[in-house]
Amino acid sequence: MIVEKTRKALEALFPQPEQEESSAEKIEPSEQEEAEQKEETPRQNGIIERDYSVHGYHLDVQVDPAQLYVAVKIIDELDYFIESITGVDWIKENQMEVIYDFSRYDFDLCRVVIRTRIDREDPKLPTITPIYAGANWHERETHDFFGIKFEGHPHLIPLLLPEDADFHPLLKDFKA
Amino acid sequence: MSVPIRLQPDETFILNVGPQHPATHGVLRVKMEMDGEYIVSAETVIGYIHRMHEKMGEIKTYPQFYMNLSRMDYLGALGYSHGHVLLIEKAAGIEVPERAEYIRAITVELNRIASHLFWFGAFVMDLGGFSPLMYALQDREYILDMLERITGSRLTYSYYRFGGLYNDIDDQFIESVKKFIPRMRKSLKKYHKLVTGNIIFRKRLEGNAILSKETCRKYGASSAVARGSGINYDVRRNEPYSVYPEFNFDIPVYHECDSMARYKVRMDEIEQSLRIIEQGIAKLPDGPIMPKKAPKIIKPPKGDYYQAVETARGNFGIRLVSDGTKNPYRLKLRSPTYSNMHLFDETCTGLLIMDALAFMGSLDLVIPEIDR
Amino acid sequence: MVTYFSEIISGLWSLVLGLSVTFVEFIRPNVTVQYPYEKLEMPERFRGHIQLIGDEEGRPNCIVCMMCQRACPSGCISLSGKKEEGQKKKTLNSYILDFTTCSLCGSCVESCNFNALEYSKEYNLASTRKEDFIIDLLKRLEEQNS
Amino acid sequence: MELTLLNVVIAVTIAIGFAALNAAYLVWAERRGAGRIQNRPGPNINGPLGLLQPPLDGIKLMAKQLIIPGGADKALFIAAPVLAMAPAIVSFVTLPFSDTIIAHNLNIGVLAIFAFASLGGISLLFAGWSSRNKYAVMSSVRAVSQAIAYEIPMLVTVITVVLITGTMNLMEIVEAQKGGIWNWYFFPFTSGLYNPLMTMSFLIFFICALAETNRAPFDLGEAESELVAGFHTEYGSMGFGLFFMGEYANIVIGSCLTTLLFLGGWDAPLPVLSFIPGVVWFLIKIYLIIATIIWIRWTFPRTTIYGLLNLSWKILIPLSLFNLLLTAGLLKVV
């Protein structure tokens, strides 16, 4: 199963808590509990296997910004295609989340979501355009909407917004 | 069909194709660096009709966002609405009556045919043939009349509701669909005779703009763009949703990777959609079109939800980040042509301008859907 | 050499086939409607801009519950009513539809529980002035009644 | 007929009148025909059957201002539309319409017409170059390469005909085809020649005529979905009108030539039918060809530039040269 394979490959990124976490997840906490847990304490980096029929994806991976490039590289080597990149502004936690969606062309269904949290004041992330050329526009769009700077991006100018746009409309404190 | 010599920058010139250009079908601009008629490099500039649907999604309540989806893609609006309602139903846990799902599938497929027909006409018009557009519009008009009778509008339907539908279909609709299927099959034969076999058309498209599987993957292409490159990917099959597992249909795949393959995929899809409609009409169950206890106020529980559907233009994804209130915290719309169009810059390098524009036509672009 | 000639022949034949298709279309009757001279009937469910439904005496069914105003995603409905002396219900005294921002989604009609709103069959809505699309529905109802 | 000044003036006036009338009403015919092919009526409001549409369009065009884009080469910009129209009109002078109706019978009529026809390419080059528009320049470059590529097979097929008749006089070429449809040069195994490939030559000539007049499927110069409107992108008003009229006048000349060289000119298809005046036959033939040209335009997509050149250099030129050789051989043998 590709889900297992991907999971194994990605687990290499999270060395220490591997044993506990995987054993904890074998029990599969019910959805509500999981959601509540997530709310109480900020989520730790790691892999959560989600119920596809509820969430619409299989693997939910949260990585450190520094690990992002490596994680995407692993995904690329497993023949995933890039679906989209987007951001979420968690203004209360003073953080921004960037979500990368990946899926597969074959019938071995597995949707992988890679998310990473960065500081809201100085949002910076490495670009993944060297791996996925198609990330170019998605990163530019995320830069437009959230002001997240993708370091090393070849052409980080406004894409959907006007050329001279200096505002980021999807920030929660944006006032038109 | 390749650039013979790489020239110095001062030996090339910049050609702005668009924002108003007949081949771009909307306000899209491609900045091309040209060496004579050869494209040395191209940069696509989009965003001329960007309307920030995602922000609107955050400001509006869940039901108020219905009509925005149909404004994303004016040719195949129902597919996008379908994705939206499926996502919210999944998130909020609303049961959908079976009849409603069947009617959704039938109308989405009708809409897909209408969209493909328009694409077919516009594509041939890009190549200089006028009459096929008019023939395609006649058939499309028939579909639009049917859909107008049941939904009330011709393009920007807001027909689906969380949990079901706005209106039930009637016998007259079923009758007209039954009449439409043989009519469309006859027209398809005509199109193949008039266009597909035509030597000029074939010479233009065969071998035009080869798109490798790897390029498709790196850009996340879907719909006929991927299927014309030998990728057997259709969300209706790979991630069955709604009542699609009940239907017996094929996913046309061609391995030539050229514009002709993309053309053939879409033409075959019309036939497959007809099959789905035929089966849907035959299997259509009786029953309500809305659940008995549809919630008045939609408040999905906290969390992150994703739904992908196969619209006429490809893999449309919609992500909801809910914070448990009656407004979405974040609503991300992943539009298929956005990824498909992104391919253009890389692929058109080294092509003649007329080949590049034929390739652009084969991508089936709807600009408001790229710009959102 | 054989492919060279067979391609020429088959190519020419495909052109002849194409010409035969357009010839058949040439002798088929017109399908278009000569619009300003002939007009099509709008279907029953056609969504024009909204209008008020009156009761037998021509008074609007509306009881000013403000549901439509709240349901509207673009805020294009503004209505007000007042309570007349000695009457239980409020009566409508203005109902303004700003059609410039309306997107014909029908949320208002669906949200109405008192059968007070319906779609009109108006589709000839073109004007050079913005004010023409600020529609006073109450006035429209009066005109319909008279 | 004496070549007096009066004669020339009369001839040119009639030619202009014929060309202008044809251009105007061919536009109408094309729009009506396109409408029929697409199951719609076409222009039908102004006048009976929409017949007043062309003059009204003409008035509209004339009433408009001719805008010369900034930085354009003014002299060339103005000269180009005139150059598109003038050779077409002059060509009419040497075209015979029947054995009696001809303005001036030149003994090198064929040569004169082709000399004038090649001027058309130059007008496109002028128009494209002077407009200071990248699309227009690309279009004019296309038009010139197209003109060069298609003049060769066209002239080779004409040489074949000239070889058979031994004259360049259009009257005499038609005279040589007299006596019914089996004597016309498009007919395989024409009596007295027995060449089976003349039908092919006729097709080659017809295709080249399409390409020479920039008609679909060879309208690469205009290519409205790629090059906006090609060489006449920047032209408005009567400048555009002249290009338009020039195009239709060229179509008429092309079909006249096809008729004269391959379809027996004003000869009745069967000797029994020769009581009908020759000019009627001639007009019937050219309008049938024009109808075919319109029919083709509304059926086929456009070729590519390399498809067009491939067709010319790889198919039309070898085949026409082969037929020339065959004809020469047959003439020697028979």
Side-chain angles (χ1 to χ4, degrees), chain A residues 31-32 34-36 38-39 50 52-57 60 76 79-90 92 97 99 101-109 111 113 115 129 131-138 140-141 144-145 155 157-163 165 169-170 172 174 176, chain B residues 43-52 54-55 58 86-87 90-91 93 213-222 226 231-233 235 237-241 301-308 315 317-321 323-324 329-330 332-335 338-339 341-343 345-346 370-372:
Chain A
E31 273 311 310
Q32 280 84 357
E34 201 179 79
E36 277 161 27
K38 196 177 149 194
E39 279 320 301
R50 298 278 191 185
Y52 174 75
S53 61
V54 175
H55 286 283
Y57 51 87
D60 187 343
D76 176 44
D79 267 356
Y80 282 79
F81 74 84
I82 182 162
E83 193 130 307
S84 68
I85 299 175
T86 188
V88 183
D89 179 20
W90 296 106
K92 278 182 200 152
E97 186 176 9
I99 305 175
D101 282 288
F102 298 94
S103 183
R104 298 185 67 78
Y105 278 138
D106 51 21
F107 284 84
D108 219 352
L109 181 61
R111 278 183 183 273
V113 175
R115 51 184 87 221
T129 41
I131 309 173
Y132 282 102
N136 189 324
W137 280 13
H138 292 294
R140 275 171 76 185
E141 182 194 312
D144 277 12
F145 292 169
H155 199 59
I157 61 163
L159 177 70
L160 290 172
L161 296 183
E163 290 156 345
L170 278 185
K172 288 284 170 188
F174 170 77
Chain B
E43 185 197 340
T44 308
V45 183
I46 60 171
Y48 286 93
I49 39 175
H50 175 56
R51 290 151 294 170
M52 202 73 249
E54 295 174 13
K55 188 75 177 176
E58 290 177 18
L86 283 175
L87 172 78
K90 184 158 80 177
K213 260 186 195 180
E214 189 61 12
T215 318
C216 285
R217 187 174 75 80
K218 293 283 185 190
Y219 284 90
S222 54
I231 296 167
N232 188 356
Y233 179 71
V235 185
R237 262 293 147 72
N238 290 51
E239 282 176 68
Y241 58 91
K302 279 180 193 180
D304 185 355
Y305 308 92
Y306 193 88
Q307 174 72 46
N315 168 12
I318 172 165
R319 149 167 275 118
L320 166 72
V321 179
D323 60 350
Y329 191 76
R330 173 90 175 90
K332 159 77 183 169
L333 308 165
R334 186 260 184 207
S335 64
Y338 187 78
S339 299
M341 183 68 215
H342 197 178
L343 287 165
D345 290 0
E346 189 184 304
I370 299 178
D371 287 351
R372 286 162 294 150

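Chain identifiers are assigned alphabetically (A, B, ...) following the order of the sequence lines, protein sequences preceding nucleic acid strands; residue numbering begins at 1 within each chain.
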Pair [X] + [Y], salt bridge at N-O below 4.0 Å:
X       : Y       : answer
R51(B)  : D371(B) : no
D304(B) : R330(B) : no
R372(B) : E141(A) : yes
R319(B) : D101(A) : yes

Task: Beyond-backbone contact of L333(B) with Y338(B), side-chain heavy atoms, under 4.5 angstrom - done: no
Choice from [options] maximising heavy atom contacts with chain B below 4.5 Å:
options                           : value
I99(A), V113(A), V88(A), D79(A)   : D79(A)
P162(A), G87(A), S103(A), A135(A) : G87(A)
Y57(A), Y105(A), Y80(A)           : Y105(A)
F81(A), Y52(A), F145(A)           : F81(A)

- [ ] Report the residues that fulfil ring-ring contact (aromatic ring centres under 6.0 Å, His included) with Y306(B), sequence neighbours left out, ordered by chain and then residue number.
- [x] none
Using a cut-off of under 4.5 Å for heavy-atom pairs, which of [options] has the most such pairs with chain A?
options                           : value
V45(B), L343(B), D323(B), I46(B)  : I46(B)
E214(B), E346(B), E43(B), Q307(B) : E43(B)
Y329(B), Y219(B), Y305(B), Y48(B) : Y329(B)

Open item on the list: Can a donor-acceptor pair be found, under 3.5 Å and without considering hydrogens, that links the side chain of N136(A) to the backbone of T129(A)?
Closed with: no
TODO: With sequence neighbours left out, write down each residue that passes salt bridge (charged side-chain N to carboxylate O under 4.0 Å, His left out) with E58(B), or none if nothing qualifies.
DONE: K172(A)
Measure distances from [X] to the heavy atoms of chain B and classify the residue's part below 4.5 Å as side chain, backbone, both or neither.
X       : value
H155(A) : side chain
L159(A) : both
R111(A) : side chain

What part of [X] is in contact with chain A, defined as an atom under 4.5 angstrom from a non-hydrogen atom: side chain, backbone, both or neither?
X       : answer
K55(B)  : both
A221(B) : both
S335(B) : neither

- [ ] Scan side-chain atoms only and decide if S339(B) and R334(B) contain a donor-acceptor pair under the 3.5 Å cut-off.
- [x] yes
